[in-house]
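In this text the structure is predicted, and so the values were computed from the model without any measurement. Labels below follow one simple rule: chain letters A, B, ... track the order of the sequence lines, proteins then strands, and each chain is numbered from 1.
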Amino acid sequence: MFRSQLTQRLLDAFTSAQIEIPEGFAPSVVLASDTRFGDYQSNTAMALGKHLRTNPRALAQTIADHLKVDDLCEKISVDGPGFLNFTISKPALQSHLCDICQSDRFGVPTVTEPRNIVIDFSAPNVAKPMHVGHIRSTFIGDSLARVARFLGHHVTTDNHIGDWGTQFGMILHGWKTLLDHDALAKDPIHELVRVYKIINAAAKDDESLREVCKAELVKLQQGDAENHAIWTECVRLTMIQLDKVYDTLGVTFDYALGESYYNDALGPLVDDLLAKGIASVSEGAVVVFSDGSVKPEEDPFLTRDKDEWKAAPCIVRKSDGGFLYPTTDLATIDYRINEWKADEIWYVVGQPQQLHFRHIIAVTQRRGIDVKLVHVAFGSIQGEDGKMFKTRSGETVGLLEVIDEAIDRARTAAAEKDPSLSGDALEEIARIIGCGAVKYAELSQNRMTDYKFAWDRMLSLQGNTAPYLINAYVRTRAIFRKLGEDFAMPAALQITEDAERGLAMKLAQFAEATHDILIDHRPNTLATYLFELADCYHSFYEACHVLNSTGITRDTRLTLCQATSRVLKQGLNLLGIQTTERM
RNA sequence: GCGCCCGUAGCUCAGUGGAUAGAGCAGCGGAUUUCUAAUCCGCUGGUCGUUGGUUCGAUCCCAACCGGGCGCGCCA
């Protein structure tokens, strides 16, 4: 990839010019902010000039004099206060274009140090429907897994299902008193949710009902045969429906080890925390307090109240002996390290749980465990009014409803545009475009942005959307259908038109776009790239006729189409979005 | 009260210590006998919440304030 190649040449130039690089200073090359100046630029001279107290412009010139980039650039220049600008040569672009068409890596290098990465995402609850809140975790997690794998990391995906919460007290009681078995057979989750909601609402101001539910929960936890059988059935029924949802979405997991999987590990874990002095007993509960090892304002176990610091402990065992969310998460870390040799664990979980993960990360550190834990947080889902999208009373927008609606709209649109489509072919197109539209609506946003739920925006088939990108792909395929023969890499290429060059340049940046995703765990950077690529392709498509051209021009344009086709398909695939040959 | 996240065009959102802050949608005006019109080109539209500070340079970093969202000992 040009960016890292140029960065390396920059380093070589420093050596050759005998420029001392200060500790912790890394020269960088970035895409040109204004393409009039070139394709890539380096602001290093200005930053370094500050460090070394020298004139940045003169420093830039010195670097430029020592740069050896003839094989990559047709021009380098020093501009303004010390910008170093690079213009990639056409032979270098043409050569990279061949790479994209011929290599199964699309010209994208793998990482130099592959890691064992566990990605924890989606995490729906048993007996509760997946709602829009699960969209981000599921899509972001799936995309990050695809990207990390493509870049050469060893990835294990694990769906940490909520199969052991306190909600089971209510579900068990509801099952025994309110369950409609016919309804359960028809739509299990719907029926389970129905009874859960009724009990939950009733328990709100009914102390004795809460006690009944709690008793059911305790029986379950103590291994009562009847309650355990009901619980097992709830989990089984839920998993069947979840599998259907994931199948439709094209999301897969290597494992789906729910919270219950770690039940036996929780007691010993708490004992260990106590034995090591990390946790202590407080008011009957086992909690982790601050150990004073970091500044109070950075300590997740402290919170300020007026002028004094108050404890914000992490509770790992309740005073009644029950375990909590943090306990399970800690036990899960042990398992992932022991069984999967995890170097890193990424949690794709909403921003509101930030404090929880700060606790988990701090406790893990204090246990002396060497693992990189990353909370890949995302903003909340809000209604059109900007308020939290709550699931309690009123209509919940389920994940399935969103997907079904999207598929319906896509089907209608596709049938209208191409009346010859029907049956399975139409269904397949509708599913790909409908799911793709919903996924892309999520993944094209910065994950930290609070998301305002809006059907129209999500399902719009125009603008910066999956259908637009898929359409660009379809156009590339249409050309090859019309060509009537398989694409064969021509012997020579010659880029001449601006639109050709612009497209080739954008194609070459696929490598950078993919690698950049993992810097901040943000798929939206790839979405932006793909949109720009589709844009370049459409401009090229308008400006440069492919099949009517001849000779080397035609060869070059066909190669551009082939490369675009491959990159769009692969790029969308990394977002979890499929492509279709027609639409 | 304390903490975290956010505040950018009418709406929905990108973006970065650097060169003139960008898209999509909406609005307006053009193109097109198609390699499929889910397309392209152009125009209109901004005090980057406010005020200070650091810097050669701040929308970006720091501080305070305003506004919105979320969280804060036995739910997950």
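- Within the 4.0 angstrom heavy-atom criterion, base atoms lie near A:Gln41.
- Spacing between B:U51 and B:C41 at atom C1', rounded to whole Å, works out to 43 Å.
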**Prompt:** Base, backbone or nothing for each nucleotide of nucleotides 38-45 of chain B, written B, S, -, heavy atoms under 4.0 angstrom, 5' to 3'?
**Reply:** BBSS----
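- Counting any heavy atom pair closer than 4.0 Å across all strands shown, A:Val287 reaches no nucleic acid atom.
- Taking atom P in both B:G27 and B:C11, the straight-line distance is 16 Å, to the nearest Å.
- Residue A:Asn43 places none of its side-chain N or O atoms closer than 4.0 Å to OP1 or OP2 of B:G17.
- Contacts between residues 313-320 of chain A and RNA chain B, defined by a heavy-atom separation under 4.0 Å, are made by A:Pro313, A:Ile315, A:Lys318, A:Ser319.
- Regarding contacts with the backbone of B:G15, a side-chain N or O of A:Asn524 is found under 4.0 angstrom from either OP1 or OP2.
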**Asked** Given pairs defined as Watson-Crick or G-U wobble with both distances under 3.5 Å, what dot-bracket annotation applies to RNA chain B, with ( ) intrastrand, [ ] crossing, | other strand and . unpaired?
**Response** (((((((..((((....[...)))).(((((.......))))).....(((((..]....))))))))))))....
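- The side chain of A:Ala285 sits closest to B:C74 out of B:G68, B:C74, B:C2.
- Within the 4.0 angstrom heavy-atom criterion, no nucleotide atom of any strand lies near A:Val30.
- Taking only distance into account, the side chain of A:Gln354 never meets the base of B:C70 through a donor-acceptor pair shorter than 3.5 Å.
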